[in-house]
Amino acid sequence: MNYNFKEIKSIPNANDFTNIVLSKTQRKTPTVTHPGYKITRIRAFYMRKVKFCAEAIHEKFAETLDGFPKLEDIHPFYADLINVVYDKDHYKIALGHMRTARNLVDNIAKDYVRMLKHGDSLYRCKMLKRSALGRMVKIIKKLGPSLSFLEEVRKHLARMPSIDPYTRTIIITGLPNVGKSSFMNHVTNANVDVQGYAFTTQSLFVGHTYFNTVKWQIIDSPGILDHPLDERNTIEMQTITALAHLKACILFFIDISEECSYPIEEQVSLFKNIKALFVNKPCIIGLTKTDVQSFNDLEPSKKALIEELAKENEIKVYELSNKNGEGVGLVKQEACNLLLDYRLNEKKETGPSQTLKREEDFLKGVYIAKPKTVREDRPPVIPKEIIHGIPLKLNRPTLKDVQDEMGGAGVFNFPLQEHFLLEDEDWKYDEVPEIMNGMNVADFYDKDIQAKLEELEREEEMLLYGKPLEELEEEDDPDLLEAQQQIKNKKAILKIERKLKLKKTAFSRNFDLEGVEDDLKSKGKDTQGIRQRFKDKSKPKPLSKLFKEATEDDEIEVNNKGGIHDEQEEQKHETDRNSRKLDRKIRSMSRGRSQGTKRELSESERNMERIKHKIQRKWRHDPSVGEADRKIPDMMPKHLFAGKR
């Protein structure tokens, strides 16, 4: 598992969270609706806004919840470290508040979408949407303290060093101002602040060094004082957590010059108090500041106290000086070798106790299932025939023997009857009779079946010609049948030619007068009156002649009720009828001033006509809308720039 908490995204406060969600809803969803729309469209418009806002809040909460580590799933070192810096209960409560808020928002969205499905007007739907978003925002604002707390936790986790609890680790510990940070700066590339007063280091610092081409992790811990565990502060508890949970080599530094303001007796007492935290771990005692006070020049009582401590715990003691670098490399080398031997021995161990490797696998999430009780004296069960090589004999022939007797593979068929489940076992190999409803198949056979089949085929052939069977039986002449076939073929050819003619482009046949005369002469017809007739037809008719034709074409009007009217009344009606008919003919001959003879348009005029039709096509399907109804939409719609969101 990667313990890089710097990837957790920042958490905005309640007001910023609200602005982010509402602005995203406004940008990503439609913004305009009208009362004239169908009610289903209006409902869908507002349901989409409610759903989108709920999804946006859900995604933000889920992203935050997934980013923060779960204390049950991470290494106990990090779980206790978070508990030390920020109380574990407060941390879980804040995440629980966010999880509950996410569920409440989802439920609000479901309830209001259900109500919007029954909205009967735009105003009702709008008020439901407004109420839904308002309740969601109210939940976010109530979540303000939890959001602020989680943001502080995130900042501290981001500043926390990335410590791998499974790699080779060396922890430096001791009282404040004994030279831990100076040793850290010597053996690694870290740049830890070093000052002459206590508690300069207030958190865990990580550095890396190489030994035997292998990367080692070195942790500089804050100084701890010699007092009970319940009286330690947050800075000291970070060191206690690292000593308790990390499988590492412990470097306990003792300042024999006592420049750290703590006597040697107090430093030895501290070692005895925290000894329970690293009982089964490798440990080395380092005597620092030997450039000021050497171990040989110590008072006999203090010297004996340190020697007794090392002898009781079987711990090696090394002298070093961070000022001139004497003994620093030796201490590093011995600590690395000691830890390496410890890790190798732990992995080779066998027995009921958990080894280092098993513990690491368990913490990483690997579970190896093993039986609880195993009989060690349980021998394997092997049949005697197998042990002594006695061939197994059966009282019946095997299928292989039957196959060899019946002709071998490819000839012998497996007898399926052996597996039949019948009332009587003697029925297995009986032949199945071909009988149905008490009759054999031979009973359905007709002696005249062949003659009937030939007659049926003959009838089908004759019916193909489309005539009744009686006529076909009379007309057996082969010449007649051949003629019928030719007619059918000719019809098919004519149909094909007709289809081909339809696909040809039509053209007009306009002949002049000379062409018509030549055509008639070639056909042997008289052409004397054709020229005069052509001239008469081309002249316009006078109005008097049109009036005469109109009077000649009228019929006598008959009155169904009273019969024929008297002469005066009939003449009057006839005159009116003739005048109306003449007016119709005159109007049909008239032509508007703008309707001249049709001329061929130029290229630019054709382009203009095409553009005109293209513009008018937009308004063709809606007669209530025209060109004058066009409008420019408002560049600053009021619903976006006025009032509350």
Side-chain angles (χ1 to χ4, degrees), residues 170-187 192 194-201 218-229 231-233 235-236 239-240 242-243 248-339:
I170 298 174
I171 300 177
I172 309 170
T173 185
L175 278 112
N177 204 17
V178 295
K180 301 184 296 296
S181 300
S182 300
F183 180 82
M184 176 83 166
N185 292 336
H186 269 88
V187 297
V192 185
V194 178
Q195 299 294 338
Y197 50 85
F199 289 105
T200 306
T201 304
I218 299 179
I219 300 176
D220 180 20
S221 61
I224 53 179
L225 301 176
D226 184 21
H227 49 70
L229 184 65
E231 297 180 6
R232 301 187 188 276
N233 55 22
I235 299 174
E236 295 176 284
T239 304
I240 299 298
L243 293 173
C249 178
I250 310 299
L251 284 181
F252 187 83
F253 284 176
I254 297 177
D255 183 7
I256 57 176
S257 66
E258 298 182 352
E259 290 184 353
C260 61
S261 304
Y262 302 102
I264 294 177
E265 291 80 3
E266 187 174 352
Q267 299 181 50
V268 172
S269 176
L270 173 64
F271 181 87
K272 292 179 180 180
N273 288 338
I274 65 174
K275 176 185 173 182
L277 299 174
F278 46 86
V279 173
N280 297 322
K281 301 175 186 177
C283 181
I284 291 177
I285 296 177
L287 305 179
T288 60
K289 303 182 182 179
T290 55
D291 57 318
V292 179
Q293 176 71 49
S294 64
F295 181 68
N296 296 327
D297 297 338
L298 277 178
E299 298 179 5
S301 59
K302 296 180 180 179
K303 188 176 180 180
L305 190 62
I306 296 175
E307 291 176 349
E308 183 182 357
L309 178 66
K311 187 176 181 180
E312 287 179 0
N313 299 280
E314 298 180 356
I315 299 174
K316 295 181 181 180
V317 179
Y318 294 94
E319 300 180 27
L320 69 147
S321 173
N322 293 320
K323 187 173 183 180
N324 52 29
E326 293 181 0
V328 173
L330 179 62
V331 172
K332 169 189 168 183
Q333 180 180 352
E334 291 296 327
C336 293
N337 289 329
L338 190 62
L339 179 61

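As a basis for the values below, the full set of heavy atoms in this structure was taken, side chains included, without hydrogen atoms, waters or symmetry mates.
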Check whether any side-chain N or O of K180 sits under 3.5 Å from a backbone N or O of L175 as a donor-acceptor pair, and report yes or no.
yes
N296 versus K303, closest heavy-atom pair with distance:
OD1-NZ, 3.8 Å
Exercise: identify the closest heavy-atom pair between N313 and L309:
ND2-O, 2.9 Å
Side chain to side chain contact (heavy atoms under 4.5 Å, CB included), that's the test. Do I256 and E319 meet it? Break it down for me.
CA-CA 10 Å; I256 57 176; E319 300 180 27; 5.7 Å; no
Which atom of A248 lies closest to which atom of L339, heavy atoms considered
C-CD1, 4.0 Å
Please report the C-alpha distance between Y262 and S269 in whole Å, then the side-chain angles of each, then the deciding distance to 0.1 Å, and finally whether the side chain to side chain contact (heavy atoms under 4.5 Å, CB included) criterion is met.
CA-CA 11 Å; Y262 302 102; S269 176; over 6 Å; no
Compare all side-chain heavy atoms of K302 with those of E258 and state whether any distance is below 4.5 angstrom.
yes
Less than 4.5 Å apart, side chain to side chain, heavy atoms only: is that true for I170 and C336?
yes
Quick one: CG on L229 to CD1 on I274, what's the gap to the nearest 0.5 Å?
11.5 Å
Going from SG on C283 to CG on L338, what distance comes out if it is rounded to the nearest 0.5 angstrom?
9.0 Å
If only atom types and distance count, is the side chain of E236 paired as donor or acceptor with the main-chain N or O of L225 below 3.5 Å?
yes
CE of M184 to CG of L251, rounded to nearest 0.5 Å, is 11.5 Å
Among V328, V292, T290, which residue meets the side chain to side chain contact (heavy atoms under 4.5 Å, CB included) test with S321?
T290
Between S182 and N322, is the side chain to side chain donor-acceptor pair (under 3.5 Å) condition met? List the steps.
CA-CA 6 Å; S182 300; N322 293 320; 4.6 Å; no
T239 versus P222, closest heavy-atom pair with distance:
OG1-O, 2.8 Å
Output for pair (I218 CD1, H186 NE2), nearest 0.5 Å, gives 13.0 Å
Side chains of E334 and L330, heavy atoms from C-beta outward: is any pair under 4.5 Å?
yes
Qualifying residue, where the test is side chain to side chain contact (heavy atoms under 4.5 Å, CB included) with I264 and the options are D255, L287, L298
L298
Minimum-distance pair of heavy atoms, taken over all atoms of P176 and C260:
O-CB, 3.6 Å
Please examine the side chains of F295 and I306, heavy atoms only from C-beta on, and report whether any two atoms are closer than 4.5 Å.
yes
Output the distance between atom CD1 (I285) and atom CD1 (I315), rounded to the nearest 0.5 Å.
4.5 Å
Tell me if a side-chain donor or acceptor on D297 pairs with a main-chain N or O of Q293 at a distance below 3.5 Å.
no
Between F271 and F278, is the ring centre distance below 6.0 Å?
yes
With no hydrogens and no angle check, is any side-chain donor or acceptor of R232 less than 3.5 Å from a backbone partner on I224?
no
Should we count CD of E231 as having more than 12 external heavy atoms under 6.0 Å?
yes
Side chain to side chain contact (heavy atoms under 4.5 Å, CB included) with F252: which of T173, I284, I172?
T173
So, taking the atom named NZ in K275 and the one named NZ in K281, what distance separates them when rounded to the nearest 0.5 Å?
14.5 Å
Just by modelled atom types, is the V178 backbone N or O under 3.5 Å from a matching donor or acceptor in the T288 side chain?
yes
